[in-house]
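One structure is given here, and the rest of the page talks about it.
Whatever order the structure lists them in is the order used to number ligands and atoms, beginning at 1.
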Amino acid sequence: MKRVRAWVLALACAACAPEGSAPDSPGTPSTPGSPGSPGTKRAERGRWNVVVISIDTLRADALGAYGQELPTSPCFDALARESILFERALSQAGVTAPSHMSLMTSLYPTVHRVANVEAGAQSAERARRVRLSDHARTLADVLGASGRRTAAFVGRGNVIGELGFDRGFELFDQDRANGMNGNREELFDATRVERWIGEHAHEPFFLFVHTYIPHGPYLPPPPWDRAFVDPEYRGTIPSNRAAFYAGVGGDYAREWRSYWSHVRRDDPADVEHLRRLYWGETRHADDALARLLAALRAAGVYERTLLVVLSDHGEEFQEHGAFEHDGDLYEEHVRVPLVLRVPGHAARRVATPVGLIDVMPTVCELVGVAGPKEMQGGSLVPLLDGGAEARATFGETVLAWRVDPASGSRSILASVQSVRTDSWTLIARKSAGNTIEELYDRRSDPGEQRDLARAPESAAALGKLRAALAAHDARCAELARRFEGSEIELSEQANEDLRALGYVK
Ligand SMILES: [Zn+2]
């Protein structure tokens with residue numbers, strides 16, 4: 001169930017990859033076939049396809065490659081064995097729209113301002129949202145300008161053209177008929193993606209695919225509805241997907257409420273059952289991934305495709321007292337899978353913490369195109385061949401915007417933000433001028449359960465993290481002035497989609 005927490009604020013930034021410096025720079029010491037080596041010619045990389053697949057709401061630890069012992073992800077695991085896997089990839093927001101927009105722009109959420117929450121909610125009958133500023137350049141803009149054909153197939157909800165996710169795409173397919181809305185009665189259907197890949201196999205392209213398959217309610221289709229659950233479970237959580245959707249008759253808001261009304265929130269057996277149904281959804285998503293990779297192979301383009309598979313955020317199963325994801329930034333919300341399959345590059349596992357915000361500068365460097373100078377992420381290319389770099393990672397979810405009725409300008413009313421180093425996590429909740437801090441030492445408390453913000457022995461660490469966050473805020477506030485964006489009113493169709501996902505009541 002979505003919590004409504006009346007807190008607080010945030011925002012952020014990191015090292016910038018200066019425009020023009022990344023392409024073809026020799027970079028780190030090379031191994032044969034590495035993107036920086038003479039063996040991988042610029043012309044060759046210039047014709048690589050780029051495919052980014054986002055599986056919404058997918059915890060890293062649901063996958064075998066990240067330690068899951070049940071067979072939830074045979075396709076992902078096989079892909080990971082021939083890819084660069086980032087063991088500690090972190091989302092920049094706890095919810096879908098800001099996280100995906102940070103992926104697509106390499107700007108932090110308080111800079112690009114695209115959020116799940118509406119602006120000036122008090123007077124809005126419909127959700128009014130911010131559309132990405134015309135001044136921002138997206139990964140699709142950059143790759144389209146490099147001569148690649150561009151297409152996106154998305155699961156709608158919070159990843160819709162109205163918010164600016166269509167920027168730079170020749171084709172932005174958010175048609176429900178493509179079956180990407182995996183949390184509704186339709187199952188994932190890759191037919192339209194497969195057709196597009198086949199039609200464009202002869203030319204370089206950028207393809208973005210997004211699906212909500214693991215998103216709640218967790219109703220995996222057979223056989224995954226029973227694959228991982230305890231056969232002795234005697235609770236009331238629905239598991240028959242067909243029967244459940246037949247019973248709600250298209251009232252998706254009621255469906256969402258109905259599902260969670262069957263959950264006994266204080267019963268450990270129900271919590272465990274939800275986890276296991278979620279693992280079934282994970283396997284369902286893995287099947288979808290397999291179908292997409294098969295389409296690339298069938299078209300004969302797999303070997304010249306730079307492939308990125310990731311998720312926008314994780315999912316909570318009461319680690320901190322709640323379910324699903326409401327923008328919070330604990331480990332279970334921000335740890336996501338991230339693999340890069342780079343043509344000709346050996347597989348590797350990278351332990352250095354990285355962010356989804358680093359994906360765009362990395363892709364730009366790998367295919368030899370210049371990204372916007374404002375990118376706040378850093379290229380991960382130095383890590384592909386064994387480099388290491390300790391750095392802080394930031395997260396920020398805006399929970400409420402204040403809109404000035406006279407000027408229409410927006411400011412942050414409530415948010416949550418985080419900064420993580422190798423050892424520490426600081427979470428700051430800001431609301432109406434008040435800040436509540438939580439501090440965790442992940443060396444002894446990896447699950448972030450024991451708040452040390454008021455422990456005297458942690459004062460030095462707290463001070464450093466506060467300073468890092470303040471510096472980050474200052475960088476983002478400066479940059480945000482260039483990307484004001486515009487306020488829009490969502491269509492009724494978009495609102496219906498959001499009701500189906502539990503975001504609009
Ligand atoms: Zn999401």
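- Within the 3.5 Å criterion, the main-chain N or O of Gly280 finds no donor-acceptor partner in the side chain of His284.
- Between Phe323 and Trp260, a ring centre-to-centre spacing shorter than 6.0 Å is recorded.
- For the residue pair Asp166 and Gln174, no side-chain donor N or O sits within less than 3.5 Å of a side-chain acceptor on the partner.
- Note that CH2 of Trp401 and CG of Leu413 are 10.5 Å apart. Values are rounded to the nearest 0.5 Å.
- Because the distance cut-off is set at 2.8 Å, Asn158 fails to qualify as a neighbour of the Zn ion (ligand 1), as none of its N, O or S atoms comes that close.
- With the Zn ion (ligand 1) at the apex, His313 NE2 and Thr96 OG1 define an angle of roughly 110° (rounded to 10 degrees).
- Within Asp312, the N/O/S atom positioned nearest the Zn ion (ligand 1) carries the name OD2.
- Checked by atom type, the side-chain pair Glu438/Tyr330 shows a donor-acceptor distance below 3.5 Å.
- Nearest to the Zn ion (ligand 1), among the N, O or S atoms that Asp56 has, is OD1.
- The distance from the Zn ion (ligand 1) to the nearest N/O/S atom of His325 is not under 2.8 Å.
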